[in-house]
Structure formats: structure tokens, C-alpha cells
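Sequence positions, counted from 1, serve as the residue numbers for this chain. Note that ligands are numbered from 1 as they come in the structure, with each ligand's atoms numbered from 1 the same way.
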Amino acid sequence: MKISRQHCLELDAADPMAHCASRFVLPPGKIYLDGNSLGALPKGTSELIAGVVEQEWGNDLIQSWNTAGWFELPVKLGDRISNLVGAAAGQIVVCDNTSINLYKTLHAALGINADRNLILADRGDFPTDLYMIEGAAQSCGRPVEVRLIDDTANIVDQFDQRCAVAVLSEVNYRTGLRLDMQTVTSAAHKLGILVIWDLCHSVGAMPVALDDAEADFAVGCSYKFLNGGPGAPAFVYVARRHHSTMRQPLQGWWSHQDPFGFAPEYAPTTGIKRMLSGTQPVLSMRAIACGLGTFDGVDLQALREKSGQMCRLFIDLVEQECSQYGVALFGPKEPARRGSHVALSFEHGYSVVQAMIARGVIGDFRAPDLMRFGFAPLYLSFAQLFDAVRIMRESIEQEPWLDSRFNHVGAVT
Ligand SMILES: *Cc1c(COP(=O)(O)O)cnc(C)c1O
């Protein structure tokens, strides 16, 4: 049966999360399907940052490190993120970016499994992860091999006892494929392998259960589904059982036992603060709290359900409206096996995405031919998905690949 706009409006009327959209400043007339890449602006962020600049910085000056709690932000924000990723407090700090945190955790894991010399990763993972792995293998002080896996759906079959650490994204940034963290981690542990989970595309889109899965390490962004703002620092999780043994190479003063003792020798502090390096961008850090505030009172299971419903509706609508033009789903179809975005392969994907953006439907493009659309359940409606797919069809019919306006490639796609 054909899916109608009326049906989508009915889904919206029954959506228990519909009121959450009012927590965001969203430009009228736009349909934002890129919240998996840069989350929307929460209401309150602008005012908060203005206050931080004027009062905390402008008026209170350096005292704010104490009086406004700037120094404790990495730990305080980390504890707030814990609630979204199923971690007990004291195991997450917010700092640096995902790439750097990955580097630190790789070294920590290679240090713990010091008698093993192999890193496993997904060839299809976000390339920065692969680059950092390459760099960590080169800089860890012993010969370490990197093995890239082509088919992560059966990743556990690739595990062997030579492997020190596996780096895996819970949700793949392109295909949307979701791995079962619990199953994969426990298979790894049976062979003594540590796992670093990259949560960039799962945190804020679904419940994550780090402690239950007995995860070792995890990293993730705060500027995607967590709505922390462009370039907002990332987070890093280390299970408490590793705190006393882990060492990381970027051992700056923020991870020193006594940062204000100014001793010339390094002595690591205890606990998760060992993952810190140096001073953090306070303004960006402050904005993360507003991003996290958009999840207040939100049941993550309900969020996941809405996300799955949105993915399914979008896939069905694309099939209904656009499959005759050769637009095809890339990645798993079942909602349980995917995250909160959908990639579609189409020969002229780049120009179609540009033509859609020109009409206010914002998605993105991932080489070689993928149109990628993310569904942030907090602020999207089902009717918007209907409208977006209709605009996709009309954009394709307009053949934007013949129009130079839609073929210009910017520095960021
Ligand atoms: C977005 C993303 C990153 C981004 O890393 P940065 O260091 O913040 O630039 C890394 N890994 C994955 C899987 C991502 O999706």
C-alpha cells in the first residue's frame, strides 16, 4: 500500500517525543537530515555561551577556573555522558577529539596487552580511526601489525590470540551497520583481546551499554547526535578495571597527580583523569551541557524505537518514490542491525544531494556514490521525511548532474 503524507502526520500525532523538537533552534523551512554529522543548535546554548563569555570570563576572569568549575568540566561532563552510554560514574572524561582519544586508548590497550602485536580494525571504518591506528602502531615502540577486516558482519570469526586490540565502530558511519557490542566484546575477551568501541554514530541515537557489555575502552563525539556544537570536545571511556594499569602517551599536566605542584617529572594521577592531556576549550565544553540537556527525561529505548521507525519509513518511501531511478539502499535493511542513518547509492548522488540542499533538505554525500541521511529522533518528524523523499524524487527528475551549479565540490562534503 502506498505510504501517504496523511499516514506520516498520524505517526507524528502519536509520537511521544514530538515535543522535544521545541528544545532546538531550527531554521524554518529546512529539513535537517545531517544531525548525525553536526547536531542542531539547542535552545539556550547562545544565551549560555554569551553568559560564560561576559560573566565568567569577562567579569570573573581567572577565578572562574574554580568558581565556575571550569577545571572540573572534563569529569563533570563525562559523568553526564555516562548516563547515555550505560557507564557508572568516574569512567568517562570529555576532552580533545575522537581521533586523539582513540590514539590514547590504542596506546593504553597496547600497553596492557604488551605481549601481542596485532591490531584489528574495519577497513570500512571512518578513515581517521584507521589513520590513528596506523600512527599508534608506528609509535608504540615495538613492531605492531594492523589487519583490516573487509566484512565486519562476521568480525568475531577474525579474532585470534595474536590480537592485542580490536577497534570497532558500534555503528558504521557509511553503511549504518550496527554491531552487537555485547556479543563481539565477549568473543574478544575469550581470546584475551581488548576492544575499543567508537560510539560516534551510536551515542545519542540509541541506548549504549558499555558496562553491561564489559567494554574496555570507548570514544565518541559530542558534536553529532549529542548536539554539543561544531568542534565540541569528544569523550573517552575506560573501564575502571583498567585505570591503575593504563598509560597513555600524551601525558600532559592535566593528567598529573598534582598539576599545580609543577614538578619537573611526570607522575600519573589515578582514575579516568589519566586520559587527560592539557587545557580544554572551555567555551566549547560549556556548550556540551546544553546539548546533553536536550536528552533530559528522554527514554533512550523510546528514542531508539523512533529512530528505527524513521529509518524504516524513509527506506520504504525511497523504495516507493525513487527506486525506479536506480536509487538503492546501501547497508542493512532491518532496523535492529542499523544505526540512525541511511545511505543510498546513486550514480549522481553528489549532485542530487546538492539539489536537495538548495531546496532546504540537508543531507550529505560520502564517496564514491552514497547519499547519506541521518535521523535525529529528538527533532525530526515523520512528515518531514515524507517531504524530504518527495523532494529527492523531484530533484532526480530535474537531472541536476547536467547543471554546473550542483556539481561544485566544496572542501567539506
Ligand atoms: C565523526 C567521526 C570521527 C570524528 O573524529 P574527530 O577526531 O572528531 O574529527 C571519528 N570516528 C568516527 C567513526 C566518526 O564517525
H189 side chain reached by D216 side chain, heavy atoms, under 4.5 Å:
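Heavy-atom side-chain distance check passes, below 4.5 Å.
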
Run the ring pair (Phe, Tyr, Trp, His ring centres under 6.0 Å) test on F217 and H242 for me, step by step, so that the C-alpha distance in whole Å, both residues' side-chain angles and the decisive distance to 0.1 Å come before the verdict.
CA-CA 9 Å; F217 301 91; H242 295 310; 5.4 Å; yes

Quick one, Y379 with T294, criterion side-chain hydrogen bond (donor to acceptor under 3.5 Å, both in side chains). Give me CA distance, side-chain angles, the key distance, then yes/no. CA-CA 10 Å; Y379 49 82; T294 62; over 6 Å; no

Q) Just by distance, with hydrogens left out, do Y237 and S82 show a side-chain donor and acceptor under 3.5 Å apart? A)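 Y237 vs S82: no donor-acceptor pair found between side chains.
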
Shortest non-hydrogen contact from H201 to K224?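 Scanning both residues completely, I find the closest heavy atoms to be NE2-NZ, 3.6 Å.
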
Do W401 and Y350 have ring centroids that are under 6.0 Å from one another?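 No.
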
Ligand 1: protein N/O within less than 3.5 Å of ligand N/O:
| residue | atom | partner | partner atom | Å |
| --- | --- | --- | --- | --- |
| ligand 1 | 7 (O) | N97 | OD1 | 3.4 |
| ligand 1 | 7 (O) | T98 | N | 3.4 |
| ligand 1 | 7 (O) | S99 | N | 2.9 |
| ligand 1 | 7 (O) | S99 | OG | 2.6 |
| ligand 1 | 8 (O) | Y223 | OH | 2.8 |
| ligand 1 | 11 (N) | D129 | OD1 | 2.8 |
| ligand 1 | 11 (N) | D198 | OD2 | 3.1 |
| ligand 1 | 15 (O) | H201 | NE2 | 3.0 |
| ligand 1 | 15 (O) | K224 | NZ | 2.5 |

